[in-house]
Novice: 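Submitted below is the structure of interest, expressed as structure tokens.
These numbers come from the heavy atoms of this one structure, side chains and all, not from hydrogens, waters or symmetry mates. Reminder, nothing fancy here: chain letters follow the sequence lines and each chain counts from 1. Model, not experiment: these values are computed from the prediction.
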Protein chains: 2
Amino acid sequence: MKGIRQLAKHLDISIGTVSRALNDKPDVNEETRKRVLAAAEELGYVANQSGRSLRQGTTNVIGLMIEASQETVENGDNFFLSVTGGLQSVFTRHKLDLVMLPCPSDEDPHEYLKRMVARRVVDAMIISATQRIDKRIDFLSKAKIPFVALGRSSSGGNYPWIDLDFEGVAACAVARLVAKGHRRIAIAAPSTDINLGYVFVDAYRQALERHGLEFDPSLIIRVKSSEQGGYQAGTELLQLENRPTAIILIYELMAIGLYRRMVEAGVVPGRDLAVIGFREEPRARFLQPTLTCFRLSLRDLGTKLAETLLATMPAYSALYPKGAQNTIWPLELAPGESDAFTITP
Amino acid sequence: MKGIRQLAKHLDISIGTVSRALNDKPDVNEETRKRVLAAAEELGYVANQSGRSLRQGTTNVIGLMIEASQETVENGDNFFLSVTGGLQSVFTRHKLDLVMLPCPSDEDPHEYLKRMVARRVVDAMIISATQRIDKRIDFLSKAKIPFVALGRSSSGGNYPWIDLDFEGVAACAVARLVAKGHRRIAIAAPSTDINLGYVFVDAYRQALERHGLEFDPSLIIRVKSSEQGGYQAGTELLQLENRPTAIILIYELMAIGLYRRMVEAGVVPGRDLAVIGFREEPRARFLQPTLTCFRLSLRDLGTKLAETLLATMPAYSALYPKGAQNTIWPLELAPGESDAFTITP
DNA sequence: CTGAAAGCGCTTACAG
DNA sequence: CTGAAAGCGCTTACAG
């Protein structure tokens, strides 16, 4: 089936009526609508998206930009694939399609985004891995493209974002460890300029302060956000003089590498070293002793992301009252055995 | 910058000339072309893709369909993200953009594909995770949409595909094990209807036959393609009477779960049980003893996939001589310690 | 409730 | 080498 013209001819009615029937417009005879829908189904007609887009000025496509960094790839980090389900559950209601736009690793993310937006392949964008200073945010704001960011940034002033509750996680982790008698608590933070690193370390500092503990910069161990990074963090931790008795990890898979390094060194997590991981992750579920970490539903996060985005789009904002356009997403403590011992001074 | 009309007005020339200049057509004055390109850059003009698509009949977008199954997500399987780099390196040369189309887990993959194709959001498709009988292949063939499949299938007769050399891997693994004296060799295969399972098990059977070993169906352990599946395979292996002395795994992350199960049972891989893994994977690199497995470049695989696809597209086939439209992609043995012992009967 | 017509933003024969 | 015009496939005021 080529186009609406053939379908209309086949039904012996005008293309206008066919279009109205297909698009659920109210002013169509019920009988006519049924005939049209049946014929479309039978002949496999679906409206050409370019034609629609050109006329309507919208593509009905939402882009999720992802950066396939070496690290992400090696980690097998499927954070986004999980969020995707939640996003789609909302978008489907409005016949919006989600496409993932992988930025080639050799292209500047900002340039890539500009190109995609300028070509108008999407109506709106979801960006993530926000940097502390992120040009993409300024660009999208200025270009008035609806968007939502997964992650805060110092850029762009007021813009829609959702971020994980790093403060809550840091505060909870520090409080637990302090309650068990720990005084020297290390933290494994990312070595990149990603904004969550700053947020997390700040919150850790403040939590220490609240508990009257001195902040020691040497306890911030900067490593890659990966299993290997966790291993590296383990190595650096072992080399610290006056070795910390506890460590908080900012990335879920670090725990696996850290455990391995500890086992190699004869240091037993949960007995000689308290470990608190970040996000609960299937692959870390089998660590022995079980890892204390934090739980969240990536699907629900995706749903919220989608709703936040739609609230900023004129065509949908009525359905999704704007309200809080910035959300701190809570994580729930999932206690394990990795920090279940008490330090006696 | 709104559209080509404004840009043309700004330059005081016709939109036709602007278009020709922007699209590298030969019949444009060099001076004019420079002025146009400069103005476009300055004003941030990029052609609206819907307009282009409608006129040209092509979208210049290639779709990579991915199925975000529960398993894939939990595994953190980033096979595709890695292949993406290779795909893009080829597509970029032709100003083609790659988008990943995630099929919602509650939608039938075949219906999803039909919808995407009918809406003409992409010029061509890359599909994967091919089933033994895969309706998508018949559909794409019939609809004459250029496509390439990552994975063979029994469907569709003659169509372009690339697949990993499962035969080679199975043959090599069995030969190695037999040479070390193993007579009872188990194999962990996928429990789903994915075609690679059939191909791999067949090749394993044939390899046994070549070495004069009897095929024992109880040695085919069907489990999920995941870490957990590997663990499960370990459990089942331990329960087998006349326990096999070796196991071949069909999925890379199975090794991690299998090792864990073996350690729990006091069975030492590389001493009490020979293990040969499938694809070399960063996360399995730290297993002790090191895993014998097979190496391939996912980036190169992506490049080949892209080239195979372009060879089937009329607009590019001249540049990519069709030649072999079916490729068996070789894997290179990466010997480790996990199968380095000899059985003495 | 339906039809005829305009026009979304481009590219591309066609004239000159 | 450039301009004027047609037309890709739709949706949507506008008339009736």
Novice: I'd like to know if A:E31 and A:K34 make a salt bridge, using a cut-off of under 4.0 Å between side-chain N and carboxylate O.
Specialist: no
Novice: Looking only at the side chain of A:R20 (C-beta and beyond, no hydrogens), which of the listed nucleotides C:dG9, D:dT2, D:dT12 gets closest?
Specialist: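 My answer, after comparing the listed nucleotides, is D:dT12.
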Novice: Atom CD of A:Q49 to atom C1' of D:dC10: distance rounded to whole Å?
Specialist: 10 Å
Novice: Rounded to whole Å, how long is the line connecting atom CZ of B:R35 with atom P of D:dC1?
Specialist: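 Taking atom P of D:dC1 as the reference, CZ of B:R35 is at 15 Å.
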Novice: Which comes earlier along DNA chain C counting from the 5' end, the contact point of A:S14 or that of A:R5, where each point is its nearest nucleotide?
Specialist: A:S14
Novice: In whole angstroms, how far is the P atom of C:dC8 from the CG atom of A:N60?
Specialist: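 Interatomic distance, CG of A:N60 to P of C:dC8: 19 Å.
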Novice: Could you tell me whether A:K25 and A:D27 make a salt bridge, using a distance below 4.0 angstrom between a side-chain N and a carboxylate O?
Specialist: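 No salt bridge links A:K25 with A:D27.
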Novice: Under 4.0 Å: is that the gap between some side-chain N or O of A:S19 and OP1 or OP2 of D:dT12?
Specialist: no
Novice: Whether A:S50 contacts D:dC8 is assessed here as follows: a side-chain N or O lying under 4.0 Å from the phosphate OP1 or OP2. Is that the case?
Specialist: no
Novice: Choose from D:dT11, D:dC1, C:dC10 the nucleotide whose nearest atom is closest to any side-chain atom of A:R52.
Specialist: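 The answer is D:dT11.
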Novice: For B:T32, which contact category applies under a 4.0 Å heavy-atom criterion: base, sugar-phosphate, or nothing?
Specialist: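 The residue B:T32 makes sugar-phosphate contact but no base contact.
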Novice: Among the nucleotides C:dT11, C:dG3, C:dC1, which one has an atom lying closest to any side-chain atom of A:I13?
Specialist: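 Minimum distance to the A:I13 side chain belongs to C:dG3.
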Novice: If you compare every side-chain N and O of A:Y45 against the phosphate oxygens of D:dG9 (OP1, OP2), does one of them come in below 4.0 Å?
Specialist: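 Indeed not, no polar side-chain atom of A:Y45 lies that close.
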Novice: Scan A:V18, A:L37, A:T17, A:L11 and name whichever one has a side chain to side chain contact (heavy atoms under 4.5 Å, CB included) with A:T32.
Specialist: A:T17
Novice: Between C:dG9, D:dT11, C:dC10, which nucleotide gets closest to the side-chain atoms of A:L54?
Specialist: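 Nearest nucleotide to the side chain: C:dG9.
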Novice: For A:G16, answer base if it contacts any base atom (sugar-phosphate contacts may also be present), sugar-phosphate if it contacts only those atoms, and nothing otherwise; contact means non-hydrogen atoms under 4.0 Å.
Specialist: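 Here A:G16 touches the bases of the nucleic acid.
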Novice: Tell me if the centroids of the rings in A:Y45 and A:H10 come within less than 6.0 Å of each other.
Specialist: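 For A:Y45 and A:H10, the ring centres are not under 6.0 Å apart.
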Novice: So does B:N48 get a side-chain nitrogen or oxygen closer than 4.0 Å to the phosphate oxygens (OP1/OP2) of C:dC8?
Specialist: no
Novice: Please determine if a side-chain N or O atom of B:T17 lies less than 4.0 Å away from the OP1 or OP2 oxygen of D:dG3.
Specialist: yes
Novice: Taking the side chain of B:I4 as its heavy atoms from C-beta onward, which of C:dC10, D:dT11, C:dT2 lies nearest to it?
Specialist: C:dC10
Novice: Please report, rounded to the nearest Å, how far the C1' atom of D:dC10 is from the CG atom of A:L22.
Specialist: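 Between C1' of D:dC10 and CG of A:L22: 11 Å.
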Novice: Would you mind telling me which residue lines up with the more 5' stretch of DNA chain D, B:N29 or B:G51, judged by nearest nucleotide?
Specialist: B:N29
Novice: So, A:T92 and A:Q88: side-chain donor and acceptor under 3.5 Å apart, yes or no?
Specialist: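 Note: A:T92 and A:Q88 side chains miss the donor-acceptor criterion.
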Novice: Indicate yes or no: does B:E307 engage B:K304 in a salt bridge with an N to O separation below 4.0 Å.
Specialist: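 B:K304 and B:E307: not salt-bridged.
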Novice: Write down the distance between CD1 (B:I15) and C1' (D:dT2), rounded to a whole number of angstrom.
Specialist: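 My rounded result for the distance is 13 Å.
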Novice: Taking 4.0 Å as the cut-off, does a side-chain nitrogen or oxygen of A:Q56 come that near to OP1 or OP2 on D:dT12?
Specialist: yes
Novice: Rounding to a whole Å, what distance do you find between B:D27:CG and C:dA13:P?
Specialist: 11 Å
Novice: Measure from the side chain of A:N23, starting at C-beta and using heavy atoms only, and say which of C:dG3, D:dT11, C:dC1 lies closest.
Specialist: D:dT11
Novice: Only pairs with both distances under 3.5 Å count, Watson-Crick or wobble alike; so what is the partner of C:dA4 in this structure?
Specialist: none
Novice: Would you mind reading off the distance between B:E30 atom CD and D:dT2 atom C1', rounded to a whole angstrom?
Specialist: 15 Å
Novice: In the strands shown, is C:dA13 matched to any nucleotide by a Watson-Crick or G-U wobble pair with both distances under 3.5 Å, and which?
Specialist: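 None - no nucleotide pairs with C:dA13, as no candidate has both distances under 3.5 Å.
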Novice: Please report, rounded to the nearest Å, how far the P atom of C:dC10 is from the NZ atom of B:K25.
Specialist: 15 Å
